[in-house]
Each structure stands twice: as C-alpha cells, then as structure tokens.
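Numbers restart at 1 for each chain; the letters A, B, ... are given by sequence-line order, proteins then strands.
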Amino acid sequence: MANLQDYIDQHISVITNDGRVIIGVLKGYDQATNIILEHSVERIFRPTEGVESSELGLHIIRGDNIAVVGQIDVEEDENIDWSLVQANPILPVNYNIK
Amino acid sequence: MLFYSFFNTLIGHSVTVELKNDLTISGKLVSVDQFLNIKLNDIKVLDQQKYPHMDSVKSCFIRGSVVRYVSLSKDLVDTALLQDATRREAQQPK
C-alpha cells in the first residue's frame, strides 16, 4: 500500500495543487490524503528574490488539494541556503487540459 | 483493478512520472495503491535548475489524481498481454 505511515513524525514537504510548498512535521493522514502538519512553514519561491518563509503553525490540508508529499532529508535541507535559491513557483495543477 | 495490478508488477523498477503541474519526477517505484497513488525512492526532478523546490527530498508520495503520465522502460510491459487483459475486463458483464 502506498500510504504515508513511514512519513509520520518526519519532516515533509507538501506541494499543493495551487503550487505552494509547505514544510512541516506529519502528524496524521487518512485514505483521502488529508494531512495534519505541525510546525508548518510555507516556502515562497520567487524568480528574482531568495525563498521567503512564512510561519503557518498547525495546518490540516485537504487531500483534494495535495499533489506531492516528499520526505525531507533534514541534514541536506540544512545544507541548502534557501535564502539564495531563486525560482519560479511551481505551476498550479490544471485539470482543464485543452 | 487491472492497472493497479499492473503497477504492482513494476515495483522496484525505475519509472518517470509527469504530473499535471508539469513537474516530472523519476525514481524507483516503491508502492502503489488502488487510487494509483505512487511512492518513489531516490527521486530526481527533471530540469532541476527550474525546480529546486524538491532539492532536499529523497523519496515522495504522489497523489494519483495529479498524475498525467507514467513512462517506463519498454521491456517492463508486455503490451500484448495487457491489451488482452483490458479487453477481457471490458467484456465482463457488470
């Protein structure tokens, strides 16, 4: 089964359907991929500035709105100076393909 | 359930998944479920320069609903067999 059990209490990075990136600790999930994120922070990517972090706290994200849940390698994450990373935001998921 | 079973036979092999947000992730297939949610290990994002967002992510869970394509090596799939199986499933009375 492809469930999120091994990511519980781990740092994860969620990419939502509208292209946001939210980092946090996974506290819970269900079959619909609804998830509970503790200590969550949004990483806002911009093409001309470094990444801005916005504290969100505890969040429940509805499964409908989730594209990818990634397990973060905390050590590697700390080695990246996100304030220097510049990139366009991830595109939103587009269900109305021509 | 046919494609679920089919994806189960691909576990352990490398696949490339293109998402509906144009992100393309390749990695080793770890598991699949009935929604065709996919788990990958040792992931690489295509065009890393453009997408540094997942630089510290080694394994991920992809929601089935956002998958556009799954590309796989030609020798991992017996198309004739799959074609037969899909036809048989379609013929089964409900």
H53(B) side chain to F45(A) main-chain N or O, any donor-acceptor pair under 3.5 Å?
-> no
Checking D22(B) against chain A: side chain, backbone, both or neither under 4.5 Å from a heavy atom?
-> side chain
Proximity breakdown for K50(B) and chain A, heavy-atom pairs closer than 4.5 Å = backbone
Which residues in residues 66-74 of chain A have any heavy atom lying under 4.5 Å from a heavy atom of chain B?
-> I66(A), A67(A), V68(A), V69(A), G70(A), Q71(A), I72(A), D73(A)
State, to 0.1 Å, how close P52(B) and V85(A) come at their nearest heavy-atom pair, and which atoms those are.
-> CG-CG1, 3.6 Å
What are the two closest non-hydrogen atoms of Y7(A) and F61(B), and how far apart are they?
-> OH-N, 3.9 Å
Working to the nearest 0.5 Å, report the span between [atom1] of [X] and [atom2] of [Y].
X: H11(A); Y: S56(B); atom1: NE2; atom2: OG; result: 11.0 Å
X: N21(B); Y: D18(A); atom1: CG; atom2: CG; result: 10.5 Å
X: S31(B); Y: N3(A); atom1: OG; atom2: CG; result: 7.0 Å

4.5 Å side-chain heavy-atom contact, K20(B) and L91(A) | no
Would you mind reporting whether L23(B) and I15(A) have side-chain heavy atoms less than 4.5 Å apart?
-> yes
Given that the side chain runs from C-beta out, which part of P47(A) has a heavy atom under 4.5 Å from chain B: side chain, backbone, both or neither?
-> neither
Which portion of I80(A) sits near chain B, non-hydrogen atoms under 4.5 angstrom = side chain
Between [X] and [Y], is there shared hydrophobic-cluster membership here, with clusters defined by ILVMFWY side-chain heavy atoms closer than 4.5 Å?
X: L19(B); Y: F7(B); value: yes
X: I60(A); Y: I8(A); value: no
X: V70(B); Y: L76(B); value: yes
X: I25(B); Y: L46(B); value: no
X: I11(B); Y: F35(B); value: no

Exceeds 12 heavy-atom contacts within 6.0 angstrom, atom [atom1] of [X]:
X: F3(B); atom1: CZ; result: no
X: K28(B); atom1: NZ; result: no
X: Y69(B); atom1: OH; result: no

With a 4.5 Å cut-off on heavy-atom pairs, point out which of G19(A), P92(A), G63(A) contacts chain B the most.
-> G63(A)
Please report the C-alpha distance between D33(B) and Q31(A) in whole Å, then the side-chain angles of each, then the deciding distance to 0.1 Å, and finally whether the side chain to side chain contact (heavy atoms under 4.5 Å, CB included) criterion is met.
-> CA-CA 10 Å; D33(B) 66 14; Q31(A) 321 86 298; over 6 Å; no
Among pairs that include at least one residue of residues 32-46 of chain A, which meet side chain to side chain donor-acceptor pair (under 3.5 Å), considering only residues two or more places apart or in two chains?
-> D30(A)-N34(A), T33(A)-R63(B), R43(A)-D77(A), R46(A)-E52(A)
